[in-house]
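Worksheet for the structure shown next.
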Amino acid sequence: MAIAYDPSRKTFYLEGDRFSYIFRVNEYGYLQQMHYGAKIGREDISYAAFQFWRGFAPAFPGAKNDWDSLDTMAAEYPGYGRGDFRRGALLTVDNQGRRTEDLKYRSHVIVREKPALTGMPSLRGGESLIVFLRSRTLDVELYYTVYERENALARRAVIKNRLDGDVRIQRVCALSLDLPDADYDMITLYGKYGGEGQIERVPLRHGLQTVYSCRGASSHQYNPFMALARKNADEHTGEAIGVSYIYSGNFEISAERTQFETVRVLAGFPSADFRYTVARGECFHTPEAVTVYSDAGLGRMSRAFHDLFRDRLINPVFAHTPRPVVFNSWESMGFDFDTEKLFAAIDACKDTGIELFVLDDGWFGKRDDDTRGLGDWRVNTKKLCGGLPPIIERCKVNGLKFGLWFEPEMVNPDSDLYRAHPDWCLRVPDVEPCLCRNQLVLDLTRSEVVEYLQNSVSSILQDNDIAYVKWDMNRHITDAYSAALPPDRQQEVCHRYILGLYELIGRLTEQFPHVLFEGCSGGGGRIDPGMLAYFPQHWASDNSDAIDRTRIQYGLSLCYPLSALTGHVSAVPNNQVGRVTPFATRGIVASNVSFGYELDLTDLSEEERNLMKRQIGDYKRIAPLIANGDLYRLKDPFTGNDFVFEIVSKDKNEAVVSFVQILGVFSVPIRRLRLQGLDEHKTYFVEETGLTLSGKTLMGLGLIMPCERGDFQAAVYHLTSKA
Ligand code: DGJ
């Protein structure tokens, strides 16, 4: 049993293979956090809850000692206004303007099967605990689910209004952690359009530090992820706690280092622009957040997230399956294509090993550029004579499946949809809305809009043999106002939008369970666990430059499995950054994730074409490793000149090592690269060197990295164990 309750100590013990999470009901009925970290015994640890007098720490009414204060207590789910001056997990206002709530324990239940969270994605299965709290106006339910093998703990909360009137939620979190010391670095993934997943590691300073989004999407700018790592923690050693929020809209994850050198971590909705009114007798459900504890550095933390998301979140139809090799039309054709041009591109895929031809933006409405057509999901038969069937047929003849691009959430003012339903987009009455890429955001809080979009997308999928959908989102939300909601509910729009989006993509993915959906938001603007629950893979970035991609993919791999990211070999000079990298390097970097091509195949030299066939063959060999293997990040391109990923199969019989040297180095040192995660008792054949070496030697001494001259050189090593 991963969860136990000791009634004599009123203490809850939640345990994975290597962690314990312990909290208790203290003598006043408050939930008090006791321990989160290394696995310890189910002992009486009440001595660790010791408190003593601190100036300015208010004692709560009924406290036996004047040092019994919420300000100094490690809280399980902190509220507001009763002496805990740190940022809290919950702040509500009742119909008389009262903001103080004393949340106290009432009861709990431990269940074998995790209760469902309807309307939002969450991790599947797992033994769960529900703790029921009560205050003057609220019933609060705290949900905990333990994933023992992954050392993960999922949490969420339900807020029920028991008052005879409305209660307004001003802040609500899925989880709160009160860690007893602050000896951590904070690691976050920041970024920008074309530069997602950048790692920042900084010491925790006093005060509140946050990552957040107020863009209506999880965003390129900050991923809904944070890790706290011990100062001495690196990839392979030391303690780290990862926090991931399973949600695709506005969020805030914060770490607050306090006056007493403790840290409070919160994950929830942003404090700034979020309000939600809960009517009498109704409930509000937070999304789920999950923490992973690692005692072996960031590497083990990431592998736990990867396993967790592959096993418990991603659609099982695809979660463990090697993904198809894709050709995507965007970078080579943009909007400029017709049936003949597509035929030529399809024919050029023949016999290369490419498995899926994806027609990107530009096939519908009057979409010859990005100023018009979004919303009109009808094939442009002027451009594509005969519609999609001849193109799909041509794919079939060439042994390819067919995929199609959509951007359902958006509308161009120059579209039939907008002309028919101008009120279907988010906009403030009497205020001109902001355009971005010439488009407006549809109001997904409205069921008729969700209905329309479901019908539009599903009729294309029903009428055509389509194996894959790329679902794009090319702007963020401004003018967050819905014509369908009353004035006092307008601050709910961004959350209701995401609920509408989940409804839409939930219906579509259920209706078409075998269609592979790829998420995209101008690249990686919505890579988050929420989307991953519906879309097994995501275009990681509109920046396809191999060198920039080493960092983007490295950073995103902190939380996301490699198969959940997609990377394509594109043309040089690179479309976005102008860099010229070798074809082989582009292939090696892109084939570390779900793989494809995005360049004019009709223009390749014979040599490149042969290389491409070999690349695809190599990728198909390692695709099962990408889909299921364990990632070891051996060289960090953020801090050094080399990038190295090693992926090891679960049975440790196979491994692949990808090496990229970013800049050429004069008098390059001899670089031994000690591998990780192999079986020291097994013997491995390293194909590229012809050497047969024990796992012990490969991990203790290592491989010798190549000493190639020149910038952007890359190499790959395949290891197979010999029986
Ligand atoms: C942004 C995406 O990231 C690109 O890959 C491409 O699909 C364009 N949108 C199409 O408009």
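These values consider heavy atoms only, across backbone and side chains, with no hydrogens, waters or symmetry-generated copies. The structure presented is a predicted model; accordingly, all values stated were derived computationally and were not measured. Every number for a ligand or one of its atoms is a count from 1 in the order of the listing.
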Suppose I only count heavy atoms of [X] and a 4.0 Å limit; which atoms of ligand 1 are within that range?
| X | result |
| --- | --- |
| Trp539 | 3 (O), 5 (O) |
| Gly522 | 1 (C), 3 (O) |
| Cys520 | 2 (C), 3 (O) |

Shortest protein heavy-atom distance from [atom], along with the residue and atom involved:
| atom | result |
| --- | --- |
| atom 11 (O) of ligand 1 | Asp361 OD2, 2.7 Å |
| atom 9 (N) of ligand 1 | Asp472 OD2, 2.7 Å |
| atom 7 (O) of ligand 1 | Asp360 OD1, 2.6 Å |

Query raised in the report: Strictly by modelled atom types, are Arg367 and Asn412 linked by a side-chain donor-acceptor pair under 3.5 Å?
Result: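 Per modelled atom types, Arg367 and Asn412 side chains form a pair under 3.5 Å.
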Report task. Please step through side-chain hydrogen bond (donor to acceptor under 3.5 Å, both in side chains) for the pair Asp472 and Asn474, ending with a clear verdict. Result -> CA-CA 6 Å; Asp472 210 343; Asn474 282 304; 3.1 Å; yes
Requested in this report: On the 0 to 90° scale, with breaks at 30° and 60°, tag the Trp424-His421 ring pair as parallel, tilted or perpendicular.
Outcome: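 Plane angle under 30°, so parallel.
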**Report entry** Mode of Lys470 contact toward ligand 1 - side chain, backbone, both, neither (heavy atoms, under 4.0 Å)
**Finding:**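 Side chain only; the backbone of Lys470 stays clear of ligand 1.
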Report task. For ligand 1, note which part of Arg437 has a heavy atom under 4.0 Å away: side chain, backbone, both or neither. Result ->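 The answer is the side chain.
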Report task. May I ask you to decide if Ser248's main-chain N or O and Tyr502's side chain share a donor-acceptor pair within less than 3.5 Å? Result ->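 Side chain of Tyr502 to backbone of Ser248, a donor-acceptor pair under 3.5 Å: yes, one is there.
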Report task. Just do the side chain to side chain contact (heavy atoms under 4.5 Å, CB included) check on Arg323 and Leu356 with the steps written out, would you? Result -> CA-CA 10 Å; Arg323 307 295 161 74; Leu356 176 72; over 6 Å; no
Query raised in the report: Can the ring centres of Trp330 and Phe337 be said to be less than 6.0 Å apart?
Result: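 No, ring centres 6.0 Å or more apart.
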Requested in this report: Measure across Ile199 and Leu189 and return the closest heavy-atom pair with its distance rounded to 0.1 Å.
Outcome: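 So the minimum-distance heavy-atom pair works out to CG1-CD2, 3.8 Å.
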Query raised in the report: Looking only at N/O atoms, are Gly523 and ligand 1 under 3.5 Å apart anywhere?
Result: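 Looking only at distances, the answer is yes, because the N/O contact criterion of under 3.5 Å is met.
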Query raised in the report: Under 3.5 Å, N or O to N or O, is Trp330 touching ligand 1 that way?
Result: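 No.
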Query raised in the report: Who's closest to atom 3 (O) of ligand 1 heavy-atom-wise, of Asn474, Asp542, Thr566?
Result: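 The residue whose heavy atom sits nearest atom 3 (O) of ligand 1 is Asp542.
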Report task. Run through Val358, Leu601, Leu400 and flag the one making a side chain to side chain contact (heavy atoms under 4.5 Å, CB included) with Phe327. Result ->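 It is Leu601; the other options fail the test.
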